[in-house]
Each structure stands twice: as structure tokens, then as C-alpha cells.
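Take a look at the structure set out below.
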Number of protein chains: 2
Amino acid sequence: MIRTPTVLDRLLEISALFQQDMARAFAGTGLTPARTHLLWVLADHGPSTQQALATAMRVSPRNVTGLVDALDRTGHVRRGPHPTDRRAKIVSLTESGTLAMSEMARDHERLSAELMAAVDSSDADGLLRGVDAIATHLRAMVEAEASTVEQEER
Amino acid sequence: MIRTPTVLDRLLEISALFQQDMARAFAGTGLTPARTHLLWVLADHGPSTQQALATAMRVSPRNVTGLVDALDRTGHVRRGPHPTDRRAKIVSLTESGTLAMSEMARDHERLSAELMAAVDSSDADGLLRGVDAIATHLRAMVEAEASTVEQEER
DNA sequence: TATTGTTATACTCTATAACTATA
DNA sequence: TATAGTTATAGAGTATAACAATA
């Protein structure tokens with residue numbers, strides 16, 4: 001029984017294709033999706049403690065230790081002392097990490113233009129409003145689930 | 001410098017939200033994204049050899065061994081003999097695995113309806129055509145990259 | 001006492017390479 | 001000789017729990 005693909009089907013397919021494309025793009029750069037996520041958060045928030053990174057990434061502090069270890073080895077980030085709290089460490093992008101992020105931002109722009117060129121211009125507005133609405137709905141949904149879990153944990 | 005989110009930004013956000021939602025939905029069921037992917041392929045293709053599964057999932061045969069081991073332990077699939085090739089094994093869904101897939105299909109329908117309800121009906125057509133066009137473009141892009149890699153490997 | 005980061009441990013997903021049993 | 005699946009090994013991402021240093 002074949003069903004015409006729905007918007008949801010397409011969005012799920014697009015998610016899978018993004019993952020495949022990124023995995024391919026990272027191959028050979030020493031970066032991975034998780035490490036790039038950390039760099040991205042760092043570029044967005046500026047130099048941060050590992051606690052702050054763990055919270056922003058919704059990941060365990062232990063996990064951040066491992067990702068920062070790896071990114072430090074590849075020279076993308078460095079750990080510096082916290083000015084007032086001697087327990088904490090400030091993670092910041094190196095020149096090389098900053099450069100990698102700039103390149104990624106440029107690729108992002110290019111892909112964005114390329115995708116919109118593939119879309120019929122009469123559909124562009126409806127598309128943007130549609131994905132906006134869907135993102136908003138999903139954001140609220142995931143948020144609600146997260147608080148339910150927290151409730152249960154009490 | 002704040003930029004108005006583009007369609008690409010939203011699609012990437014939606015991908016991340018899907019992943020979070022699925023991870024949450026799987027918690028406690030014994031299923032994971034990778035194992036569910038295998039069940040999905042099995043439901044779609046019918047009973048298959050592990051080779052066929054590995055090819056369909058674009059994953060190593062070794063990986064399929066591990067996933068089938070896990071799904072066999074949880075009772076979602078079983079390994080049976082191949083009728084003519086004694087090297088091969090036929091993996092098929094158990095009653096429990098079939099049931100899990102039905103529930104997932106039902107959840108999928110429900111989510112699809114829920115998302116479309118969040119979209120302004122005047123945007124629905126443009127949205128569907130837009131995501132179709134983008135999926136088509138990405139599919140071709142990933143396909144092209146895959147063949148480039150194969151070329152390089154020769 | 002509470003918090004920051006790390007060590008210890010474990011599980012999942014993934015890959016390649018070598019091996020066994022069959023084709 | 002080639003193919004199907006497994007064992008062996010390894011690396012990445014993730015988590016919890018226990019611990020040290022510091023707040």
C-alpha cells in the first residue's frame with residue numbers, strides 16, 4: 001500500500017540526508033557532529049565554562065570533558081583558567097577553531113542559497129511560514145516532554 | 001549580528017528536535033534510533049538477509065549483526081534459516097516487533113496530523129512543494145557525493 | 001554543603017580486518 | 001574464489017556514580 005509522502009515524511013527524509021551530508025563533510029577534518037555542535041555553541045555564546053556548555057548542549061558534564069579533550073588535541077579550542085573560580089575552566093575557540101566556524105558559516109550560506117534556488121519562488125513564502133510553524137510546534141512539544149520527565153523525577 | 005532565520009535554519013532545527021523527540025520516545029522501550037531503523041526497513045522490505053539489511057541501511061554487515069543480536073534479545077526480531085543458502089540467515093519481525101511498528105506508524109500519523117494542524121492552510125501547498133523540492137535536491141547532492149567517494153576509492 | 005571537572009565504568013553505534021562455513 | 005555472518009579490535013558519543021579541589 002503506497003501512500004503519497006507527507007510533509008512529515010519529507011522532513012524526516014531531509015533530516016536523514018542532512019546527517020549523511022554532514023558526516024561526509026566532516027570526514028577528514030577531525031571534526032564530528034558532536035564536536036562541531038560544541039564549537040557552534042562556543043561561537044554563539046563566546047568563551048564558556050564546561051558547565052555552561054553542558055547545559056547549553058543538554059548533555060552531561062562528563063561528555064563535555066571528552067569533547068573538549070578531543071577538540072583541544074585537534075587545536076580547535078583551549079582551556080583557560082576562570083578569573084575568579086579556581087574550580088572552573090574557560091573553554092574558548094583558538095584561531096583555528098574560529099576559522100573552521102567561519103568556513104562552516106560560509107558553507108551554510110551557500111547551501112541555503114542553493115536550496116532556495118531549487119524551490120519555486122511562488123512557494124518560498126508558504127514554505128518559510130510552514131517550517132516556522134512546524135519548528136514552533138515541535139519546540140513546544142519537546143519542551144513539554146522535557147518538563148514532564150523532570151516532574152516524574154521528583 | 002542577528003539574522004532572520006532562513007528555511008535552512010528551520011530545517012536544521014527541526015532535525016535536531018526530531019532527534020530529541022525520538023530519543024525521548026524510545027526511552028524505556030528497549031528501542032533506539034538505530035534499532036528502530038532496522039525494524040522499519042524490515043517492515044518495509046519484509047524478511048531479509050543481514051546482507052540485504054546492511055545494504056538497505058548503508059551500514060556495515062558487522063553493525064547489522066549487533067543490531068539483530070540486540071533486537072533478538074528484546075524479542076523484536078528472530079533469525080531463521082535461509083531456504084537455499086545455508087550461510088545466510090533470514091531476519092523477520094516477531095509478533096511483538098510487528099506490533100511495535102504498528103504503534104510507531106500510528107504515532108507517525110498522529111504527529112503528521114498535529115503538525116499540519118499547526119500550519120496555516122493557505123501555506124500547506126507551498127510547504128509540501130517546497131520540502132519536496134528540497135528533499136529532491138538533497139537526495140541528488142548526497143548521491144553525487146557518494147559516487148565521488150567511490151571514484152576516489154578506485 | 002554545593003559545585004566544577006575528572007576518573008572509573010558501561011552501553012550503543014559504528015568501522016575495518018581476519019576467520020569460518022558455505023557457495 | 002567469492003559471499004554470509006561472526007569474532008576481534010577500536011573509536012566516538014553518551015550516561016551515571018564516585019571523588020578531588022574549591023566555593
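Labels below follow one simple rule: chain letters A, B, ... track the order of the sequence lines, proteins then strands, and each chain is numbered from 1.
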Subject >> Sorted by number, the residues of residues 32-56 of chain A with heavy-atom contact under 4.0 Å to DNA chain C >> reply: A:Thr49, A:Gln50, A:Gln51

Original post:
Has the side chain of B:Thr32 got a donor or acceptor atom that lies under 3.5 Å from a matching backbone atom of B:Gly30?
Top reply: no

Original post:
Any side-chain heavy-atom pair from B:Ile90 and B:Thr49 closer than 4.5 angstrom?
Top reply: yes

Original post:
Quick check: does any side chain N or O of B:Asp9 sit under 3.5 Å from a backbone N or O of B:Thr6, one acting as donor and the other as acceptor?
Top reply: yes

Original post:
Which pairs, with at least one residue in residues 121-138 of chain B and sequence neighbours excluded, count as a side-chain hydrogen bond (donor to acceptor under 3.5 Å, both in side chains)?
Top reply: A:Arg10-B:Asp132, A:Glu114-B:His137, A:Asp123-B:Arg129, A:Arg129-B:Asp123, B:Asp120-B:Ser122

Original post:
Does any donor-acceptor pair link the side chain of B:Arg62 with the base of D:dT7 at a separation under 3.5 Å?
Top reply: yes

Original post:
Of all of residues 63-77 of chain A, which get a heavy atom below 4.0 angstrom from DNA chain C, listed by number?
Top reply: A:Thr65

Original post:
Which parts of nucleotides 18-23 of chain C does protein reach within less than 4.0 Å, heavy atoms only, written one letter per nucleotide 5' to 3' as B for base, S for sugar-phosphate only and - for none?
Top reply: ---BBS

Subject >> Polar side-chain atom of A:Thr55 near backbone of A:Gln51 as donor-acceptor pair, under 3.5 Å >> reply: yes

Subject >> Same apolar cluster (I L V M F W Y, side chains within < 4.5 Å links), A:Phe26/A:Leu38 >> reply: yes

Original post:
B:Val59: what forms a side-chain contact (heavy atoms from CB on, under 4.5 Å) with it, not counting sequence neighbours?
Top reply: B:Met57, B:Asn63, B:Val64

Original post:
Heavy atoms, side chains only, cut-off 4.5 Å: are B:Leu111 and A:Met141 in contact?
Top reply: yes

**OP:** Whole angstrom is fine here: how far is it from CZ in A:Arg24 over to P in C:dA15?
**Re:** 12 Å

**OP:** Could you tell me the separation between the CD atom of B:Gln20 and the P atom of D:dT14, rounded to a whole number of Å?
**Re:** 12 Å

Original post:
Are B:Arg79 and D:dT6 close enough that a side-chain N or O sits under 4.0 Å from OP1 or OP2?
Top reply: yes

**OP:** Check the distance between D:dG5's P and B:Ile90's CD1 and give it to me in whole angstrom.
**Re:** 8 Å

Subject >> Nearest-Å distance for atom pair NE2/C1', residues A:His82 and D:dT22 >> reply: 12 Å

Original post:
A:Thr94 side chain to A:His76 main-chain N or O, any donor-acceptor pair under 3.5 Å?
Top reply: yes

Original post:
Given C:dT14, is OP1 or OP2 found less than 4.0 Å from the side-chain N or O atoms of B:Ser60?
Top reply: no

**OP:** With sequence neighbours left out, write down each residue that passes salt bridge (Lys or Arg N to Asp or Glu O under 4.0 Å) with B:Asp72, or none if nothing qualifies.
**Re:** none

**OP:** Determine whether A:Leu53 and A:Val41 make a side-chain contact, defined as any pair of heavy atoms from C-beta on separated by less than 4.5 Å.
**Re:** yes

